There are 2 protein chains.
Amino acid sequence: MPMNRPSLDDLQRARSRIAPWIHRTPVLTSETFDRMSGASLFFKCENFQKAGAFKSRGAVNAVFSLTDDQARRGVATHSSGNHGMALARAAACRGIACTVVMPRTAPRAKIDAVRGYGADIVFCQPTNTARAEAVADVLEKTGAEFVHPFDDSRVIAGQGSCALELLEQVPDLDAVIAPIGGGGLISGTAIACRGIRPSLSVYAGEPANADDAWRSLAAGRRLVEDAPDTIADGLKASLGELTWSIVSSEVDAIFRASEAQIVDAMRLTWERMKIVIEPSCAVPLAAVLAQPEPFAHRRVGVILTGGNVDLACLPWQHTTTTTPKG
Amino acid sequence: MPMNRPSLDDLQRARSRIAPWIHRTPVLTSETFDRMSGASLFFKCENFQKAGAFKSRGAVNAVFSLTDDQARRGVATHSSGNHGMALARAAACRGIACTVVMPRTAPRAKIDAVRGYGADIVFCQPTNTARAEAVADVLEKTGAEFVHPFDDSRVIAGQGSCALELLEQVPDLDAVIAPIGGGGLISGTAIACRGIRPSLSVYAGEPANADDAWRSLAAGRRLVEDAPDTIADGLKASLGELTWSIVSSEVDAIFRASEAQIVDAMRLTWERMKIVIEPSCAVPLAAVLAQPEPFAHRRVGVILTGGNVDLACLPWQHTTTTTPKG
């Protein structure tokens, strides 16, 4: 898989390539959150993106970057979450085969969504070893192109298109903050910001319970964390080699948020902004509200990454049944 | 209170008057719902409106229509829901007093919101008689101007500004559908549509469990229903004299939805559109999905009325506690 650092040109080409297949998502503001933070916040709503998350950008870019010869053999990935759905949809857009390796423990809704886009699913035990073996087996049998969830130039370039849009929609931003997990989105975001407006601050929000990126920056070397426990299930991955090389040189700071702060920020966003966001998506706002000083009196773009949640099981509730009252 | 039928000019004046105090809400589309309905649906997102509902339009118009002399004595209303919050906010915008008569059984969140805007609350027993007595008492003591939740020309003119915006945002609509409860919104909507584009179909969606308007149209006279039982708590009121006179002459048809259809439409909207809407707000979409034939192949504006829900108590869940897991 391509592991070179994408350039601003790569991002701009990705943006044109994916334009027919993705939404140009809107930017919303909130007086409540401006008041609470002391900043002017501009929320880039990738929760309204195709397949419910920014992941569609990178997946579509990877799929539509393939030669016809590569495309004939299809694509494959491993994912229990939004990347699997996004790749399955992207493959369906191009009309090619897609295999997603998923742990047997993946949520029913995600399994159904991947199947709904017509992809094949190979189930494996929920361990890294079992996953790697299953992927190797799929690639050997199908000759499919592997599309890594984040450590892939094509994916990073696609994710970077989100910040390109945001910088056009709100031209005079002082800072941008996005969640950090495997680092694909923040890498693309950093490349976009450095290229378009070098003075802009590039920040990441990370769950304190899965803070490998924060600790890596502090240590000056890439640390890997195995199976962290956080409600922000999209941010459990550790940085890859490529994303670490970009994050370590281009990201100005990482701000952490506790589990309670993440849940509070998620709930407040639903209540005040009337939009559905998933826990991982709430992490940057949680971090801003927890440590408002660096953001005060500044114009800050906040990338809302996704809105795929199980409505029957919300983090502020214990549920016993899903039968409607009516 | 003013009981003349508002004209298109009244609506346009209302729109200018309230512009500084309300949002011009966006219009969203959904491939999922277009596929399910066979129509092209355009969702006018009043769930993003100030105080979380279209009610802010009518309330602001009423408050800013007052003479200085009237304004000095303040405003009053009765409401257990969005109108009370909207009027409290509107009064705060003008800096005048507001009293809201609420049943002792009103949801805690609504009580807190009304107080949060600085209004006085007078609690009464949850009966029509107790409410009327409490209101009469407030008006006598304060000399306040009564602003009825729907049977008031100023309120209807304000609500009609929503359709004026929608018809600008999507100029080539074939039909518009809005919920019907007391009838303020649908009356303003009908006046706007008849004035701007007489050929456009004006439809209402109503809970089957609170179908006084549907039965009134069928009977040719205004029927009043006492305390209907529906999850769409914003649509329990029956039509008033003024709204009945407009609805009976200007609304083309009313479509009903069952409780299960309302909950399904609400949940699907959260899942697919990633926006938070309240049960009353889901009624028109539920009606379209339940009876798609009249809407097929047409461009239909759907007014999403509000997003004020208790997130700890969703209709597809039974909850036992609200403690976050994290």
Side-chain angles (χ1 to χ4, degrees), chain A residues 23 25-26 28-31 45-50 52-53 109 113 207-209 229-232 257-264 266-279 281 286 304 306-326, chain B residues 23 25-31 45-50 52-53 109 113 207-209 229-232 257-264 266-279 281 304 306-326:
Chain A
H23 286 306
T25 55
L28 298 181
T29 58
S30 158
E31 285 178 16
C45 289
E46 291 290 300
N47 55 326
F48 295 162
Q49 189 50 268
K50 294 284 185 183
N209 275 14
D229 182 23
T230 172
I231 190 173
S258 71
E259 298 295 290
Q261 287 163 346
I262 295 168
V263 172
D264 282 353
M266 176 180 168
R267 183 177 180 151
L268 268 171
T269 302
W270 290 40
E271 277 180 1
R272 302 306 173 95
M273 294 185 69
K274 313 297 182 190
I275 60 176
V276 171
I277 64 170
E278 59 190 74
C281 178
L304 295 180
N308 294 325
V309 267
D310 180 354
L311 293 176
C313 183
L314 298 174
W316 48 83
Q317 302 189 304
H318 293 267
T319 63
T320 54
T321 157
T322 60
T323 311
K325 276 180 195 162
Chain B
H23 286 307
T25 55
V27 173
L28 298 181
T29 58
S30 158
E31 286 177 16
C45 290
E46 291 292 300
N47 55 325
F48 296 162
Q49 189 50 269
K50 293 283 185 185
N209 274 15
D229 182 22
T230 172
I231 190 172
S258 71
E259 297 295 291
Q261 287 164 345
I262 295 167
V263 173
D264 282 353
M266 176 179 169
R267 183 175 180 155
L268 267 172
T269 302
W270 290 41
E271 278 181 0
R272 303 307 175 95
M273 295 185 68
K274 313 296 182 190
I275 59 176
V276 171
I277 64 169
E278 59 188 75
C281 178
L304 295 180
N308 293 325
V309 267
D310 180 354
L311 293 177
C313 183
L314 298 175
W316 49 81
Q317 302 188 303
H318 293 269
T319 63
T320 53
T321 157
T322 60
T323 311
K325 276 180 197 164

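Sequence lines set the chain letters: A, B, ... in the order given, protein chains first and strands last, and positions in each chain run from 1. Remember, predicted model here, so these are calculated numbers, not experimental data.
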Enquirer: Could you look at A:D229 and say if it's the side chain, the backbone, both or neither that has a heavy atom under 4.5 Å from chain B?
Expert: neither
Enquirer: Please check this pair: side chain of A:K274 against backbone of B:G307, looking for a donor-acceptor N/O pair closer than 3.5 Å.
Expert: yes
Enquirer: How many angstroms lie between atom CD of A:E271 and atom CG of B:D310, to the nearest 0.5 angstrom?
Expert: 8.5 Å
Enquirer: Identify, with sequence neighbours excluded, every residue that meets side-chain hydrogen bond (donor to acceptor under 3.5 Å, both in side chains) alongside A:T230.
Expert: A:E259
Enquirer: What option among A:I277, A:N308, A:V309 has the most heavy-atom pairs under 4.5 Å with chain B?
Expert: A:N308
Enquirer: So which atom in A:L314 and which in B:L314 form the shortest heavy-atom distance, rounded to 0.1 Å?
Expert: CD1-CD1, 3.4 Å
Enquirer: With rounding to the nearest 0.5 Å, note down the distance linking NE2 in B:H23 to CG in A:L28.
Expert: 9.5 Å
Enquirer: Under 4.5 Å heavy-atom distance to chain B, tell me which part of A:E31 shows up: side chain, backbone, both or neither.
Expert: side chain
Enquirer: What's the shortest heavy-atom distance between A:W316 and B:L311, and which atoms?
Expert: NE1-O, 3.0 Å
Enquirer: For B:T25, which residues count as a side-chain hydrogen bond (donor to acceptor under 3.5 Å, both in side chains) partner, sequence neighbours excluded?
Expert: B:K44, B:E46
